[in-house]
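Inspection log for the structure reproduced underneath, given as structure tokens.
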Amino acid sequence: MLKNLILLFLLFTASVVMANEPQAHAENSTHNTEETKDESYDPVPVIMHHIADAHEWHFWGEGENSASIPLPVILLDGGLKMFSSSKFHHGHDLVKSNDKEYMLYHNKIYTVGESIPIAKDSTVKIIRKGQEEDSTFSYTLANIPTKDFLHDYVVGHKELELGTYVASAKPLDFSITKNVAGIFLAILIIFLIFTSVARSYKKNGGIPKKLTGWMEPLVLFVRDDIAKPNIGEKKYKKFLPFLLTIFFFIWVLNLLGLIPGGANVTGNIAVTLVLAVVTMIVVAINGNKAYWGHIFNPPVPEWLKPMMIPVEIIGIFTKPFALMIRLFANIAAGHIVILSLISLIFVAKTMWVAPASIALVLFISVLELLVALLQAYIFTLLTALFIGMAVEEHH
Amino acid sequence: MNTVLLEINPLVLPSIGLIFWSAVSFIILLVLLRKFAWKPILTAVNEREESITNALNSAEEAKKEMANLTSSNERLLNEAREERDALMKEAREMKAEIVAKAKEEAQGEGEKMIANAKATIEMERKSAIADLKNQVATLSIDIAEKVVKGTLTGDDKQKALVNELVEEVNLN
């Protein structure tokens with residue numbers, strides 16, 4: 001009883017702090033030309049930082065003391081440029097490559113441009129705090145990063161009017177980021193697991209043993225409960241490798257993302273976009289006459305067709321779009337919830353929140369284990385369903 | 001326009017690099033797994049399932065065959081039993097017939113024998129009678145002869161002689 005009361009109290013205080021938080025944030029943004037006096041902790045940047053992609057694989061610590069693995073930066077900016085992300089020194093240094101300078105800011109790489117007028121023909125010079133003279137650099141109007149950047153580095157040097165929204169030029173960034181490295185890791189794991197499973201069949205004469213005994217039911221699950229009922233006994237075989245790959249790719253990446261320090265790959269819209277587009281292409285390529293006929297010549301009265309045909313065409317895209325959003329939102333939301341619960345400790349500024357916070361994190365983490373499988377299942381199931389609709393024979 | 005772009009949360013802004021690498025990675029994974037994992041795994045599983053199905057089918061067939069064998073055995077047994085019964089019946093009938101025939105024959109034979117015996121007896125009787133007649137005649141002559149002889153000697157002695165002779169006749 002007492003325990004429950006304490007828990008309730010903790011939750012209450014936490015929610016009060018949370019409720020106050022947006023207000024504090026709003027105040028911050030209105031007075032962002034000055035140092036913020038408000039001490040309240042804003043978890044949003046930290047959470048966003050954690051779920052976003054990065055150019056280094058960060059584990060713990062801040063700045064120079066952080067434990068992180070630098071990753072290769074590959075830029076397409078008037079030629080291919082490659083260098084290690086460690087050269088940025090966690091965003092403190094610029095990297096000069098050929099004729100251009102690059103800076104890392106909030107996990108994104110920007111091109112540092114030449115100095116041209118920013119507003120009313122005035123040249124803007126931005127000097128970074130605590131840097132030597134040679135690190136002084138300037139921006140063009142187009143190349144100045146976000147106002148946050150200006151806020152971080154220019155506060156105290158009132159040479160630039162802040163609060164202006166300015167865009168920034170970014171080179172085409174094909175870096176091996178944390179997420180890309182996470183994908184490579186997942187691919188390696190999946191490949192090693194399933195090639196060893198494949199070999200074990202030959203070695204044991206078709207009898208599943210050890211790892212194979214664990215993996216085979218999953219493979220059979222995808223075959224018997226996803227592919228066969230949705231695509232049909234006759235045609236499922238052609239799509240089974242694709243469905244199996246997509247299922248294990250998503251599941252393994254979901255699970256890797258749950259490991260503390262892991263990359264949030266399936267919670268990144270670029271990855272889910274690719275998976276959804278692949279599904280869309282597979283469906284479009286394999287769609288039979290009946291499927292396309294239903295889209296371009298729907299069985300409706302003639303006068304309804306001008307309306308139905310566009311709707312059907314939009315439908316081609318909304319299905320994979322829903323796949324993309326569903327996976328991304330579910331996984332990203334899970335990460336945000338866990339990080340928010342941990343942030344409660346810092347928001348409340350007391351260790352006493354920690355037990356409740358950690359208990360909730362544990363609960364959500366276990367839930368996320370289920371979600372990891374569930375989302376992989378749903379994505380694969382719907383993909384199979386869309387393929388099934390595209391290849392279905394109409395009589 | 002730039003302003004609008006910045007308004008979009010970076011969370012839902014896909015980055016070109018990640019799109020490129022995840023597409024390349026996924027396709028490579030698909031191709032590699034299809035060749036080195038899914039094909040051998042699914043083939044092995046299919047083969048095993050087929051062999052299980054075959055084994056079950058052949059077991060079922062063997063069971064059926066066994067049932068067939070049992071039923072045909074049963075049938076054979078029944079047939080044999082029926083045949084045996086028929087044979088037995090036939091044998092019994094034959095036996096009865098033989099016995100009846102034998103009886104009949106025996107009876108006929110007996111009757112014949114009896115008839116023969118009767119005829120023989122009749123014949124014997126007739127010859128005996130004839131013989132007796134002859135003997136009686138002989139005796140009568142003898143007696144007559146002796147009587148005649150006796151009469152010739154004395155009356156008493158003749159009578160005693162006649163009695164004696166009659167007694168002798170009676171003894172014969």
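The figures that follow rest on heavy atoms only: side chains count, while hydrogens, waters and symmetry mates do not. Here is how names work: the chains are called A, B, and so on, in the same order as the sequence lines, proteins then strands, and each is numbered from 1.
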> Under a 4.5 Å heavy-atom cut-off, does chain B meet the side chain of A:V278, its backbone, both or neither?
Replying inline: side chain

> Most heavy-atom pairs under 4.5 angstrom with chain B, which of A:V277, A:I246, A:I187?
Replying inline: A:I187

> Passes ring pair (Phe, Tyr, Trp, His ring centres under 6.0 Å), B:W38 versus A:F242? Steps please.
Replying inline: CA-CA 9 Å; B:W38 306 136; A:F242 171 61; over 10 Å; no

> Once you round to the nearest 0.5 Å, how far does NZ of A:K237 lie from CG of B:N46?
Replying inline: 5.5 Å

>> Would you say CD of B:Q107 has more than 12 non-hydrogen atoms from neighbouring residues, nucleotides or ligands within 6.0 angstrom?
In response: no

>> Looking at A:R223 and B:E49, is there a salt bridge between them, counting it only when a charged N and a carboxylate O are closer than 4.0 Å?
In response: yes

>> If you count heavy-atom pairs within less than 4.5 Å of chain B, which of A:I176, A:T272, A:L220 leads?
In response: A:I176

>> A side-chain contact here means heavy atoms from C-beta on lying under 4.5 Å apart; do B:I16 and A:D173 qualify?
In response: no

>> Given heavy-atom pairs under 4.5 angstrom as the criterion, report whether the side chain, backbone, both or neither of A:L76 touches chain B.
In response: neither

> Hey, is CZ on A:F83 packed in by over 12 heavy atoms from elsewhere, all under 6.0 Å?
Replying inline: yes

> Pick from A:L244, A:V219, A:T177: which one has the most heavy-atom pairs with chain B under 4.5 Å?
Replying inline: A:L244

> Do B:L18 and A:V265 have side chains that get closer than 4.5 Å, going by heavy atoms?
Replying inline: no

> By a 4.5 Å heavy-atom criterion (distance strictly below it), what part of A:S175 contacts chain B: side chain, backbone, both, or neither?
Replying inline: backbone

>> Using 0.5 Å steps for rounding, measure from the CG atom of B:L29 to the OG1 atom of A:T245.
In response: 5.5 Å

>> Within the supplied structure, the quantity of interest is the number of heavy atoms (other residues, nucleotides, ligands) at a distance under 6.0 Å from B:E104 CD; does it exceed 12?
In response: no

> Would B:L33 and A:I190 satisfy side-chain contact (heavy atoms from CB on, under 4.5 Å), going step by step from the backbone distance to the final call?
Replying inline: CA-CA 9 Å; B:L33 283 185; A:I190 298 170; 3.7 Å; yes

> Among B:A23, B:S22, B:S15, who wins on heavy-atom pairs under 4.5 Å with chain A?
Replying inline: B:S22

> Take atom CD in B:E79; do more than 12 heavy atoms of anything else shown fall under 6.0 Å from it?
Replying inline: yes

>> Can you tell me which portion of A:L240 sits under 4.5 Å from chain B's heavy atoms? Options are side chain, backbone, both or neither.
In response: side chain

> Minimum heavy-atom separation for A:V274 to B:I19, with atom names?
Replying inline: CG2-O, 3.4 Å

> Heavy-atom distance under 4.5 Å between the side chains of A:Y201 and B:E47, does that happen here?
Replying inline: no

> CZ of A:F249 to CZ of B:F26: how many Å apart, nearest 0.5 Å?
Replying inline: 6.5 Å

>> Let's go through B:L32 and A:F191 carefully: what are the C-alpha distance in whole Å and the side-chain angles of both, what is the deciding distance for side-chain contact (heavy atoms from CB on, under 4.5 Å) to 0.1 Å, and is it a yes or a no?
In response: CA-CA 8 Å; B:L32 286 179; A:F191 187 73; 3.6 Å; yes

>> Which heavy atom of A:P241 sits nearest to which heavy atom of B:L30, and what is that distance?
In response: O-CD1, 3.8 Å

> At a heavy-atom separation under 4.5 Å, does A:L273 approach chain B through its side chain, its backbone, both, or neither?
Replying inline: side chain

> If you tally heavy-atom pairs under 4.5 Å against chain B, which of A:F248, A:F194, A:F184 wins?
Replying inline: A:F194

>> Could you walk me through whether A:T212 and B:I41 satisfy the side-chain contact (heavy atoms from CB on, under 4.5 Å) test, starting with their C-alpha distance in whole Å, then the side-chain angles of each, then the deciding distance to 0.1 Å, before giving a yes or no?
In response: CA-CA 9 Å; A:T212 314; B:I41 290 174; over 6 Å; no

> Between A:V271 and chain B, which part of the residue has a heavy atom less than 4.5 Å away: side chain, backbone, both or neither?
Replying inline: both

> What part of B:I28 lies closer than 4.5 angstrom to a heavy atom of chain A: side chain, backbone, both or neither?
Replying inline: neither

